[in-house]
Amino acid sequence: MMQSRPVDMRHETGLFISLEGIDGSGKSTQAQLLAEALRGLGHRVLLTREPGGSPGAEEIRRLVLEGEAERWSPETEILLFTAARRDHLEKTIRPALARGDVVITDRFADSTRMYQGIRRGTGADLRAMVDDLHTRMIGVEPDLTLLIDIDAETGHSRAVSRAASCAGAEQRFEDMGTALQARMRAGFLALARQEPRFAVIDGARSPAEVAADVLATTLTKLA
Ligand code: ADP
Ligand code: TYD
């Protein structure tokens, strides 16, 4: 029988940065500001997001974010997010890193570790499933993960006000409630304590102040 081995998706050039945090923490805002600042300094930057970031993964995005909340079992959901990530990595991230670009992704595998790993308690060890699939199918971590940290209430109120201004079809993960967001925040912070690739950024300041911190942290890594 053929032995299945973890894939080797390491990269040799470029810099791979992810932004993580609970909904409404300011990831998308900061990803945009960081991309602009780095471009202004002469870096070639690819700004991307998950779920999505490649044509195939954007199709999977619709499957996972639209429709009924109970549309997918927790296990199927893990497979869909991982399938989207694999396509994103093959078609978008790896080619950009091979060109030497700075890749900034708004969410990556830590989101699956938190959202699918701890969200739905079914008795099954979903976190172990996420980690196992990650090892087999993704096999790469960002060089730097910027955790935009915010308390659950602030994140929730920002996400709600944004949702009111652009009500869309992506409702499966909306209204998670602040108790779940607080657990997620704690989960992200615990991960950050374990993994040296993390930098925790205080997101409860003005966008410009957060952006200055994000840029300084990134420039230290680039140097
Ligand atoms: P995320 O991508 O983490 O969900 P966004 O960047 O989309 O977060 O921000 C969520 C909402 O909060 C948006 O309406 C955005 O304009 C606003 N916002 C972002 N950063 C800040 C900040 N530092 N202070 C106040 N509001 C912010
Ligand atoms: P996103 O568009 O980043 O939403 P937001 O701006 O509100 O943070 O992501 C959409 C939702 O998808 C978000 O609630 C988190 C969820 N998600 C997962 O559950 N697992 C994943 O692996 C990823 C990447 C996102």
Side-chain angles (χ1 to χ4, degrees), residues 18-36 47-54 57-58 60-67 69 71-72 74-89 93 104-120 126-127 129-131 133-134 137-138 142 145-178 180-181 183-185 187-188 191 201-214:
S18 64
L19 281 96
E20 296 282 2
I22 60 173
D23 296 9
S25 54
K27 296 176 301 299
S28 312
T29 304
Q30 293 304 323
Q32 189 72 46
L33 292 172
L34 179 61
E36 283 166 20
L47 175 58
T48 185
R49 67 154 181 194
E50 289 204 354
S54 63
E58 290 289 334
I60 299 174
R61 179 184 177 98
R62 281 191 287 280
L63 294 176
V64 285
L65 298 188
E66 296 180 15
R71 184 177 186 184
W72 308 110
E75 289 80 2
T76 309
E77 196 171 282
I78 291 170
L79 289 166
L80 287 169
F81 276 109
T82 307
R85 182 159 306 121
R86 174 77 196 203
D87 194 62
H88 185 207
L89 198 55
I93 297 175
I104 302 171
T105 183
D106 183 348
R107 295 192 184 278
F108 193 65
D110 298 316
S111 283
T112 316
R113 293 187 173 104
M114 291 303 112
Y115 285 76
Q116 281 63 51
I118 67 176
R119 253 197 87 188
R120 297 211 232 164
L126 297 175
R127 177 59 197 279
M129 237 177 254
V130 170
D131 286 335
L133 259 184
H134 180 83
M137 290 296 153
I138 308 299
T145 298
L146 297 156
L147 174 60
I148 312 298
D149 180 52
I150 195 123
D151 64 274
E153 287 74 22
T154 309
H156 188 250
S157 67
R158 283 189 196 167
V160 164
S161 66
R162 182 193 49 192
S165 63
C166 55
E170 296 184 347
Q171 296 297 324
R172 281 195 68 233
F173 289 88
E174 296 300 324
D175 283 332
M176 284 170 44
T178 50
L180 201 47
Q181 293 279 5
R183 272 179 59 205
M184 212 87 82
R185 179 197 191 192
F188 274 123
L191 208 54
I201 307 285
D202 175 10
R205 297 172 287 169
S206 74
E209 284 173 301
V210 179
D213 209 352
V214 162

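As the structure lists them, so they are numbered: ligands from 1, and atoms in each ligand from 1. All values below were derived from every heavy atom in this structure, side-chain atoms included, with hydrogens, water molecules and symmetry-related copies excluded. Because the structure is a prediction, the values reported are computed rather than measured.
Every atom of ligand 2 is numbered from 1 in the order shown, and the set under 4.0 Å from a heavy atom of Tyr115 is 14 (O), 15 (C), 18 (C), 19 (O), 20 (N). For ligand 2, the atoms lying closer than 4.0 Å to a non-hydrogen atom of Phe81 are 17 (N), 18 (C), 19 (O), 20 (N), 21 (C), 22 (O), 23 (C), 25 (C). Atoms of ligand 2 lying under 4.0 Å from any heavy atom of Thr112, numbered from 1 in the order shown and given with element: 21 (C), 22 (O). In summary, the atoms of ligand 1 found under 4.0 Å from a heavy atom of Ser206, numbered by their order in the structure, are 23 (N). The distance from ligand 1 to the heavy atoms of Pro207 drops below 4.0 Å at these ligand atoms: 21 (C), 22 (C), 23 (N), 24 (N). Less than 4.0 angstrom separates some heavy atom of Arg85 from each of these atoms of ligand 2: 22 (O), 24 (C).
Inter-residue side-chain proximity for Asp202 and Asp213 is flagged as unmet; no heavy-atom pair is nearer than 4.5 Å. Between Arg107 and Tyr115 there is a side-chain heavy-atom pair separated by less than 4.5 Å.
Atoms CZ and OG1, on Arg71 and Thr76 in that order, are 11.5 Å from each other to the nearest 0.5 Å. Here Gln181 contributes atom CD and Ile22 contributes atom CD1; the two are 4.5 Å apart, rounded to the nearest 0.5 Å. Distance CD1/Ile93 to CZ/Arg85: 8.5 Å, rounded to 0.5 Å. Between the CD atom in Glu50 and the CD atom in Glu58 there is a gap of 10.0 Å [rounded to 0.5 Å].
His134 and Thr112 share no donor-acceptor pair across their side chains, judged by distance under 3.5 Å alone.
Nearest protein heavy-atom neighbour of atom 3 (O) of ligand 1: Lys27 NZ, 2.6 Å. The protein non-hydrogen atom at the shortest distance from atom 14 (O) of ligand 1 is Arg162 CB, 3.7 Å. Scanning all protein heavy atoms for the shortest distance to atom 15 (C) of ligand 1 gives Thr29 OG1, 4.0 Å. Regarding atom 20 (N) of ligand 1, its nearest protein heavy-atom neighbour is Arg158 NH1, 3.7 Å. For atom 2 (O) of ligand 1, the nearest protein heavy atom (residue, atom name, distance) is Ser28 OG, 2.5 Å. Of all protein heavy atoms, the one lying nearest to atom 8 (O) of ligand 1 is Gly26 N, 3.1 Å. With hydrogens left out, the protein atom closest to atom 23 (N) of ligand 1 is Arg205 O, 2.8 Å, a heavy atom.
Considering backbone and side-chain N/O of Arg61, one or more are found under 3.5 Å from N/O of ligand 2. The shortest N or O to N or O distance between Asp106 and ligand 2 is not below 3.5 Å.
Smallest separation of non-hydrogen atoms from Gly117 and Leu126: O-CB, 4.1 Å. What you find for Met114 and Gly187 is that their closest heavy atoms are SD-C, 3.4 Å. Considering all non-hydrogen atoms of both residues, Trp72 and Val64 come closest at NE1-CA, 4.1 Å. Closest non-hydrogen pair, Thr48 versus His88, comes out as OG1-NE2, 2.8 Å.
Distances from atom 4 (O) of ligand 2 to the heavy atoms of Arg107, His88, Met184, Met114 put Arg107 nearest.
For Ser161, no heavy-atom contact with ligand 1 is shorter than 4.0 Å. With a 4.0 Å heavy-atom cut-off, ligand 2 is reached by the side chain of Lys27 but not by its N, CA, C or O. For Ile22, no heavy-atom contact with ligand 2 is shorter than 4.0 Å.
Using a 4.0 Å cut-off between charged nitrogen and carboxylate oxygen, Asp131 and Arg113 count as a salt-bridge pair.
The closest approach between Ala159 and ligand 2 stays at or above 4.0 Å for every heavy atom of the residue. The closest approach between Ser25 and ligand 1 falls below 4.0 Å for a heavy atom of the residue. Note on ligand 1: Ala159 sits outside its first shell, no heavy atom being nearer than 4.0 Å.
Judged by distance alone, with hydrogens and angles left aside, the side-chain atoms of Glu20 form a donor-acceptor pair with the main-chain N or O of Phe108 at under 3.5 Å.
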